[in-house]
Number of protein chains: 2
Amino acid sequence: MSTVILTLRRGEDGSAVLALPLVLRTRDPYADQWALPGGWLTAAESPVDAAARTLAETTGLSPSYLEQLYAFGAVDRSPTRVVSIVYWALLRQDDVTAQIAAHRASGRAPENVRWFDVDELPELAFDHSRIIDYALWRLRNKVGYSRVAQGFLPEEFTLAELREAYESILGRQLDPANFRRQVEAAGNLIPTDRFRTGSHRPARLYRDNTDVELADRGPLGPEETSTR
Amino acid sequence: MSTVILTLRRGEDGSAVLALPLVLRTRDPYADQWALPGGWLTAAESPVDAAARTLAETTGLSPSYLEQLYAFGAVDRSPTRVVSIVYWALLRQDDVTAQIAAHRASGRAPENVRWFDVDELPELAFDHSRIIDYALWRLRNKVGYSRVAQGFLPEEFTLAELREAYESILGRQLDPANFRRQVEAAGNLIPTDRFRTGSHRPARLYRDNTDVELADRGPLGPEETSTR
DNA sequence: CCAAAAGTGTTATAACTACACCCATGG
DNA sequence: CCATGGGTGTAGTTATAACACTTTTGG
């Protein structure tokens, strides 16, 4: 049971980049290599609960989105053949930065956990590199027909911030004018009467319209997906 | 490990309907109830291989398409909690009818296996009813951006036959003219110089263009999907 | 006033839909 | 020749993309 935990991190050049936490393995196989955080199913919990639990154990946070990715079980995956259910999750940008700041302040950061930008990943244990590729592919796909991208953002956000999230995920620039019209037409946003001020013309703040179903999981729906 | 095995069956009114094989359980839990065919993973095989094996065991056939559906593992699924990787598969119409005819001729049809139309399913064991709903949802989705529907048809087929498959899957009529243009533009078909004759104007026969990737699994690709 | 981002309008192109129409065959 | 499904043409509508333009703020 592993999880690809994604968030948007602000790089030193000011642009947003996808990042994920990895854990350094302490025992064989693949000792001293980086791997996806994970754990084992206990008898009393469902896989999605176990994913949320291990996510909390490694990051101290609860995800804004959590969905099953795939069940891997090829015999050549690992010396001892293992079937692993992999999940993928999104964390809110502000949750992550707050948590990292708290760790720095308390001096009690979790050992053996490090955040990597997705374009600067180290060599990974098992087939975890391919799994991350698949998770990123799923995210890029899903962002086209679902409002998952809002899982990266705080409660209230501007359209420019949302567009930046889309651009980081998709890896290309989007036209601000057309982007605005598309997300407005999709009905995923509720405009507030508050504005982000500070530079140039103030930008209206929006928040997630939770009335609109994610509507992309089919009959599985909310039971198997965790949203916040 | 279970599999939702789908095929197109010609109903008595001449229209095509989705159908799937179920097996009657002989032991508890859910003894004497219908359930999805399945089995257990052996140590030496991958889940996708196990799915293909159990599929062959229950139907005697090999699928034209086979893909993982979901890994179910909620604690309330079954009295003894089980994690089950579920696959979904397509069988070619002509394979199925030939196999059923062979069984009838030899008098050695597999016991406890029966084909049901998807709109006339009996009460099912476990959460298999919901699993079938999800598989049908996946199929209806996938048919919109992939050429999976061709998995139901024989080597060569007319556009009317392909359109009928789409209509059965989607549950609505499609415009023949627009359908033709769309599938031709998609490049999934290779026209042959043969025609289906017999009534009215002969219809050109097409076959699957295997050069075009299914291109809808992302980085997982062919390793985890079986196509024929 | 100026730079820059927020937000609106306009136009060209492509995709989708409906439906009229012609073509070729069996009876 | 006629009924019927195979196959083509075409016009209206809608989605998408590109980009000019106006608005509103901070400095």
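Convention: sequence-line order gives letters A, B, ...; per-chain numbering from 1. Below, all heavy atoms of this structure are taken into account, side chains as well, without hydrogens, waters or symmetry copies.
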Please work out if Ala177(B) contacts a base, only the sugar-phosphate, or nothing of the nucleic acid, heavy-atom cut-off 4.0 Å.
base
How many Å lie between [atom1] on [X] and [atom2] on [N], as a whole number?
X	N	atom1	atom2	result
Glu161(A)	dG7(C)	CD	P	11 Å
Asp175(A)	dT8(C)	CG	P	14 Å
Gln173(B)	dC19(C)	CD	P	14 Å
Leu162(A)	dG7(C)	CG	P	13 Å
Leu174(A)	dG7(C)	CG	P	17 Å
Phe195(A)	dG26(D)	CZ	P	13 Å
Arg204(A)	dT23(D)	CZ	C1'	14 Å
Glu184(B)	dG6(D)	CD	C1'	12 Å

Find the distance between [atom1] ([X]) and [atom2] ([Y]) and round it off to the nearest 0.5 Å.
X	Y	atom1	atom2	value
Leu205(B)	Leu189(B)	CG	CG	11.5 Å
Leu136(A)	Leu6(A)	CG	CG	6.0 Å
Gln150(B)	Leu153(B)	CD	CG	7.0 Å

Closest-nucleotide 5' rank along DNA chain D - winner of Ser199(A) and Arg172(A)
Arg172(A)
Does the ring center of Trp88(A) lie less than 6.0 Å from the ring center of Tyr65(A)?
yes
How about Phe179(A) and Tyr166(A): are their ring centres within less than 6.0 Å of each other?
yes
Whether Arg201(B) contacts dG5(D) is assessed here as follows: a side-chain N or O lying under 4.0 Å from the phosphate OP1 or OP2. Is that the case?
no
Look at the side chain of Gln182(A) and decide which nucleotide, out of dA17(D), dG9(D), dG7(C), has an atom nearest to it.
dA17(D)
Closest to the 5' end of DNA chain C, once His200(A) and Asn178(A) are matched to their nearest nucleotides, is His200(A)
Is a donor-acceptor pair below 3.5 Å formed from side chain Arg181(A) to base dG9(C), judging by atom type as modelled?
yes
